[in-house]
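First comes the structure, then the notes that go with it.
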Amino acid sequence: MAKIIETKEQKLFGVLPVWMTIKTKSEENVKCQCTTSSEAQSSSLTPEGTKGDRYTKELITRILDEGCLDKWPSSTYGDGAPAHTFSLNHVMTTYDLTKGEMPLITLRPIAVKFAIGELLWIYQDQSNNLDLLKDKYGITWWDEWDIGDRTIGATYGETVRRHKLVDNLLKDIKENPDGRRHIISMWQVDDYKDKHGLKPCAYQTAWNVRHGKDGKDYLDMCLFQRSSDFMAAGCINQVQYLVFLHLVARHCGYIPGRFSWFVQNIQIYDRHIELAKELIAREPVKCRPEIWLNPEKTNFYDFTIDDIKIKNYPRKEISEKNPQMRFDLGHQNVDTDGFSLEEFLSE
């Protein structure tokens, strides 16, 4: 029996490989899968759940109906078959946090603790060290991108450290709040001249202070992402950076205001089509999740993983009503000896 190989994203998002039970489909069969998305559209919009649930259903329906099939896929599945995708270019979501709007979904359970740990590793620890990531946050999926010295090289946290991106951002917002140049960009071409493991997908954030008509001061942020594997990672990426917004707002003394997500290319893999149809047919769970930060802390660098929580997210109820899905992911594979999914999914 073939050994199951899990990718870093399967570990991160609580999904398991299923390629042993799925036959490879021809491009013609793949095209046929998208022609019946209208059958699920009757359930694509519901008044319950989160705004993230509604966006998820809308975007999946659009991708199934309008998505462009790639001709030369850049990745393969675990069985070696080409991993085709259907995709859209130039997608945006936006959330008014003052109204309780949230990208977290209830259409399947989402584990966020390790994703937040990854965020802190990049922006707070400003590290590329894989041993630190493992010892501090229990995360090992980045080992796939080890360049040979137990780091991922000149990318992500190393780029943040080299260019003092977070320090400069915090200082600039405090000293020049109404400025329009509060930008963090991890897309530093000169850094890529050095050895590196992976160029960032979510690569840039832009920030604005807004003086509300209600007399309160808000911090807004938009995230720019070049690519999103939407079924597996779309929700998680948004929630990660929503946490980032809350941390920076707390440090600088502002109320988290509006969060927007701009995606250059958003895709669904061909082997996710039936799962996508199932997801938009599901009914969301009524809830109002919110991000909680330890009220005794303000400094961005003082927060730990235990100081950040998602409250009012009934994960057990969601798991019972909308069980976790199993995705066959089209990425480079990695050996997962010793990895415990049960331990990872525990909150």
Side-chain angles (χ1 to χ4, degrees), residues 51 90-103 116 118-128 154-192 199-228 237-264 290-303 307-308:
K51 190 172 184 179
H90 304 174
V91 168
M92 173 185 171
T93 64
T94 188
Y95 305 87
D96 186 341
L97 309 184
T98 66
K99 296 179 179 179
E101 296 176 351
M102 180 70 144
I116 295 172
E118 180 186 67
L119 178 84
L120 295 178
W121 178 61
I122 295 170
Y123 289 106
Q124 190 187 75
D125 300 316
Q126 301 174 17
S127 175
N128 62 3
T155 188
Y156 282 98
E158 172 62 14
T159 293
V160 174
R161 184 195 66 80
R162 285 187 184 187
H163 302 279
K164 298 182 180 180
L165 296 182
V166 172
D167 291 346
N168 290 338
L169 173 73
L170 299 176
K171 182 175 183 290
D172 199 28
I173 292 176
K174 280 196 168 186
E175 295 183 355
N176 184 24
D178 289 332
R180 299 182 179 90
R181 299 172 183 174
H182 308 314
I183 297 173
I184 281 183
S185 177
M186 290 194 291
W187 200 265
Q188 300 290 337
V189 177
D190 285 344
D191 287 4
Y192 302 150
K199 292 180 175 65
C201 293
Y203 67 92
Q204 180 170 290
T205 55
W207 311 70
N208 293 92
V209 171
R210 171 167 49 90
H211 308 295
K213 297 293 186 181
D214 57 2
K216 299 178 181 179
D217 294 329
Y218 299 91
L219 183 64
D220 301 334
M221 185 258 273
C222 50
L223 166 65
F224 297 88
Q225 188 162 339
R226 62 176 177 84
S227 175
S228 173
N237 289 145
Q238 293 178 81
V239 172
Q240 279 183 309
Y241 279 83
L242 189 60
V243 169
F244 193 21
L245 170 56
H246 276 259
L247 291 172
V248 173
R250 174 69 66 83
H251 181 98
C252 296
Y254 295 103
I255 300 169
R258 179 171 293 276
F259 169 74
S260 299
W261 184 49
F262 300 95
V263 190
Q264 177 184 341
E290 59 185 41
I291 293 174
W292 176 89
L293 301 181
N294 184 340
E296 298 180 358
K297 294 186 177 181
T298 57
N299 190 294
F300 177 84
Y301 293 106
D302 289 343
F303 286 92
D307 293 320
I308 308 164

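For reference, positions follow the sequence shown, starting with 1.
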Donor-acceptor contact present, side-chain N168 to main-chain K164, <3.5 Å: yes

Partner of I184 under side chain to side chain contact (heavy atoms under 4.5 Å, CB included), chosen from T159, T205, L223: T205

Sequence neighbours left out, cut at 3.5 Å: what donor-acceptor pairs do the side chains of residues 248-256 make with other protein atoms?
| unit_1 | atom_1 | unit_2 | atom_2 | d |
| --- | --- | --- | --- | --- |
| R250 | NH1 | N294 | O | 2.9 |
| R250 | NH1 | K297 | O | 2.7 |
| H251 | ND1 | F300 | N | 2.9 |

Side-chain touch Y123/L169, heavy atoms, less than 4.5 angstrom: no

Which atom of N299 lies closest to which atom of F303, heavy atoms considered: O-CD1, 3.2 Å

Non-hydrogen side-chain atoms of Y156 and N128 separated by less than 4.5 Å: no

Test log, rule side-chain contact (heavy atoms from CB on, under 4.5 Å), inputs Q126 and Y301: CA-CA 11 Å; Q126 301 174 17; Y301 293 106; 3.0 Å; yes

Residue pairs, two or more places apart or on separate chains, that pass ring-ring contact (aromatic ring centres under 6.0 Å, His included) and touch residues 162-185: none

W187 to P200 - nearest heavy-atom pair and separation: CZ3-O, 3.5 Å

Rounded distance (nearest 0.5 Å) linking atom CD of E158 with atom CD of Q188: 11.5 Å

Pairwise distance CD(Q204) to CZ(R226) - rounded to 0.5 angstrom: 13.5 Å

Atom pair CD1 (I173) and CG (N208), whose distance is rounded to the nearest 0.5 Å: 9.0 Å

E101 side chain to D96 backbone, donor-acceptor under 3.5 Å: yes

Side chains of L242 and F244 in contact at under 4.5 Å (non-hydrogen atoms): no

With L245, the side chain to side chain contact (heavy atoms under 4.5 Å, CB included) member among D220, L97, I291: L97

Nearest heavy-atom neighbours spanning A202 and Y241: O-OH, 3.6 Å

Approximate separation, where rounding is to 0.5 Å, of Y203 OH and Q225 CD: 9.5 Å

Distance in Å, C222 SG paired with F259 CZ, rounded so as to fall on 0.5 Å steps: 9.0 Å

Any N237 side-chain heavy atom under 4.5 Å of V263 side chain: no

Distance in Å, D307 CG paired with L293 CG, rounded so as to fall on 0.5 Å steps: 8.0 Å

S260 versus T94, closest heavy-atom pair with distance: OG-OG1, 2.7 Å

Over all atoms of both residues, closest heavy-atom pair of D302 and Q124: N-NE2, 4.3 Å

D178 and H211, any side-chain heavy atoms less than 4.5 Å apart: yes

Minimum-distance pair of heavy atoms, taken over all atoms of Y192 and K199: CD1-CE, 3.5 Å

Side chains of T155 and M186 in contact at under 4.5 Å (non-hydrogen atoms): no

